[in-house]
Amino acid sequence: MSTEDQIEDINALEQKFQARIDAEQKIEPKDWMPDAYRKNLIRQISQHAHSEVIGMQPEGNWITRAPSLRRKAVLLAKVQDEAGHGLYLYSATETLGISRAELIAALQDGSAKYASIFNYPTQTWGDVGAIGWLVDGAAICNQVSLQRTSYGPYARGMIRICKEESFHQRQGYQIMIELAHGTPEQKQMAQDSLNRFYWPSLMMFGPHDSESAHSARSMQWKIKRETNDDLRQKFIDQTVPQIEYLGLEHPDKDLKWNEERGHYDSGEIDWEEFQNVINGNGHCNRQRIQHHVKAHEEGAWVRDAQNAYDQKRRARKASTAA
Ligand code: FAQ
């Protein structure tokens, strides 16, 4: 086949692929897909997986210090759920032809990112409430729309994950309700956590659409179903009455209802801070990766045992088949 024929062939395949996407058909692992679609998915889903796993650290830091046995059990369950989300998402990424070991190596050498929010420290119990409420709240906003993403394994993973995230958000908001309606010191703790986690939560949605490198392609392929700015706006709007109910002050002093748009206008995010954090210079970036490397090394014996067991099982199967 000549090079021209090959190009024509690829063009035809790409058109057919886009037609399937436009018709809302899911793309499955064994289907033909453009290489750029595969690579973009590996990038996004694996970074999502890394976020879930690294995201265990800030809250995990409070498991031994939770204020009651009940709170401890709830937080433990939530943090374990995040590990599960990471596993679903790593499995979904592996269906695209990349190994878990390669994905982990990319996280540890810094070539793959994870959500910026997890590089902020959790200084008080109020931060655990703010994370559940705001961080899981922002994650749900985004993930509800990803339930309709075009790649089948990712979409199915998202449906399951969203159910669990809703519980996470409620447990965080409940902590905030108790603090905000508690003693003046507790209320102050809730306000302080809201002040520190509000802006970083808005950054979770990524840069403005005009600055977003991947959005146009991802929207065309329906990997993303809503843009960074549209999702951020949804989150801003839904958070206002929640802050009012808590009786706390809104951290955005420029926030104003815009009758014409039917949305809140808000102050500008500190994009310099965002760039610093995603480029590895946030408060906790180094600590988060060091901790991951240590835990991964300490878990080597589990992977070795699993591999040895698999080898034995395969050998046994081969000898009974012979
Ligand atoms: N942090 O062109 P775009 C959770 C990077 S799950 C770090 O707009 P895209 C649950 C971006 O990767 C939270 N990096 O990118 C939980 C790209 O860099 P690259 C995670 C960011 O992909 C709760 C560059 O900037 N959720 O929290 C961030 O089209 C509590 C240009 O950006 C997901 O991952 C950021 N915030 O849109 C767990 C959802 N924003 O890759 C534990 C799935 C942007 O070229 C405890 N992901 N970047 O090197 C997405 O929806 C998208 O990937 C976006 C970014 C919206 C995050």
Side-chain angles (χ1 to χ4, degrees), residues 39-62 75 78-86 88-89 92-93 106-107 110-120 122 127-149 151 154-155 157-158 161-162 164-169 171-172 197 199-232 235 269 271 273-282 285 288:
K39 285 195 178 128
N40 196 7
L41 268 179
I42 290 177
R43 181 193 65 82
Q44 177 167 325
I45 312 177
S46 67
Q47 296 191 160
H48 194 165
H50 299 328
S51 307
E52 300 281 356
V53 170
I54 295 289
M56 294 166 72
Q57 293 186 38
E59 288 168 293
N61 182 31
W62 277 89
L75 184 59
K78 190 231 187 246
V79 173
Q80 281 177 340
D81 279 355
E82 309 297 1
H85 298 174
Y88 307 155
L89 288 163
T93 321
L107 167 69
S111 51
K113 296 188 171 75
Y114 57 88
S116 47
I117 188 81
F118 302 120
N119 294 306
Y120 292 82
T122 37
D127 292 358
V128 175
I131 290 181
W133 167 36
L134 297 172
V135 176
D136 285 272
I140 297 173
C141 250
N142 178 302
Q143 290 172 167
V144 162
S145 96
L146 287 174
Q147 292 180 121
R148 293 183 298 117
T149 189
Y151 189 56
Y154 194 20
M158 281 296 107
I161 288 175
C162 278
E164 293 174 354
E165 297 287 22
S166 304
F167 146 66
H168 296 172
Q169 191 188 21
Q171 69 83 34
F197 276 88
W199 292 104
S201 299
L202 297 190
M203 295 176 196
M204 287 176 71
F205 296 94
H208 280 312
D209 297 347
S210 53
E211 308 291 319
S212 164
H214 303 288
S215 276
R217 225 55 214 292
S218 295
M219 292 293 288
Q220 186 202 334
W221 280 328
K222 299 190 180 175
I223 291 175
K224 281 164 86 166
R225 303 304 307 252
E226 287 176 82
T227 71
N228 298 0
D229 284 330
D230 286 349
L231 288 168
R232 185 171 15 246
F235 178 73
I269 290 168
W271 292 112
E273 176 180 321
F274 172 74
Q275 286 302 334
N276 269 335
V277 177
I278 69 170
N279 289 320
N281 298 315
N285 295 60
R288 299 292 186 235

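First listed ligand is number 1; within each ligand, the first listed atom is number 1. Index from 1, following the sequence. When reading the values below, keep in mind they use all heavy atoms of this one structure, side chains included, and skip hydrogens, waters and symmetry mates.
The shortest N or O to N or O distance between Met203 and ligand 1 is below 3.5 Å. Taking any N or O of Ser218, backbone or side chain, none lies under 3.5 Å from an N or O belonging to ligand 1. Residue-to-ligand polar distances place Ser212 within reach of ligand 1: an N/O pair is separated by less than 3.5 Å. Here's the thing with Ala213: one of its N/O atoms is less than 3.5 angstrom from an N/O atom of ligand 1. Inclusion of Glu59 in the set of residues having an N or O under 3.5 Å from an N or O of ligand 1 is not warranted. Checking only distances, Lys78 never comes within under 3.5 Å of ligand 1, N or O to N or O.
Here the straight-line distance linking atom CE of Met204 with atom CG of Asn142 works out to 7.5 Å at 0.5 Å rounding. Atoms CD and CG, on Gln143 and Leu231 in that order, are 11.0 Å from each other to the nearest 0.5 Å. Once rounded to the nearest 0.5 Å, the distance linking CZ of Arg288 with OH of Tyr114 reads 7.0 Å.
When heavy-atom distances to ligand 1 are checked against a 4.0 Å cut-off, Tyr114 comes that close only through its backbone atoms N, CA, C and O. Residue-level proximity to ligand 1 for Leu231 is absent, since no heavy atom of it falls below 4.0 angstrom. When non-hydrogen atoms are compared, ligand 1 lies under 4.0 Å from neither the backbone nor the side chain of Val277. Contacts between Gln44 and ligand 1 below 4.0 angstrom, taking non-hydrogen atoms only, involve the side chain exclusively. With a 4.0 Å heavy-atom cut-off, ligand 1 is reached by the side chain of Asn228 but not by its N, CA, C or O.
Counting only heavy atoms of the protein, atom 15 (O) of ligand 1 lies nearest to His214 CD2, 3.6 Å. Counting only heavy atoms of the protein, atom 49 (O) of ligand 1 lies nearest to Lys113 NZ, 2.5 Å. Counting only heavy atoms of the protein, atom 12 (O) of ligand 1 lies nearest to Gln47 NE2, 2.9 Å. Of the protein's non-hydrogen atoms, the one nearest atom 11 (C) of ligand 1 is Arg43 NH1, 4.0 Å.
At a 4.0 Å cut-off, at least one heavy atom of Ala115 sits close enough to ligand 1 to count as contact. The closest approach between any non-hydrogen atom of His168 and ligand 1 is not below 4.0 Å. Taking a 4.0 Å cut-off on heavy atoms, Glu211 fails to register as neighbouring ligand 1.
Atoms of ligand 1 found under 4.0 Å from any heavy atom of Glu165, numbered from 1 in the order shown, are 10 (C).
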Subject >> Derivation of the side-chain contact (heavy atoms from CB on, under 4.5 Å) call for Tyr151 and Lys222 >> reply: CA-CA 9 Å; Tyr151 189 56; Lys222 299 190 180 175; over 6 Å; no
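The only member of His48, His50, His168 that meets ring pair (Phe, Tyr, Trp, His ring centres under 6.0 Å) when paired with His85 is His168.
Taking the charged nitrogens against the carboxylate oxygens, Lys78 and Asp81 have no contact shorter than 4.0 Å, which rules out a salt bridge.
Of the candidates Met158, Lys224, Met56, His50, the one placing a heavy atom closest to atom 9 (P) of ligand 1 is Lys224.
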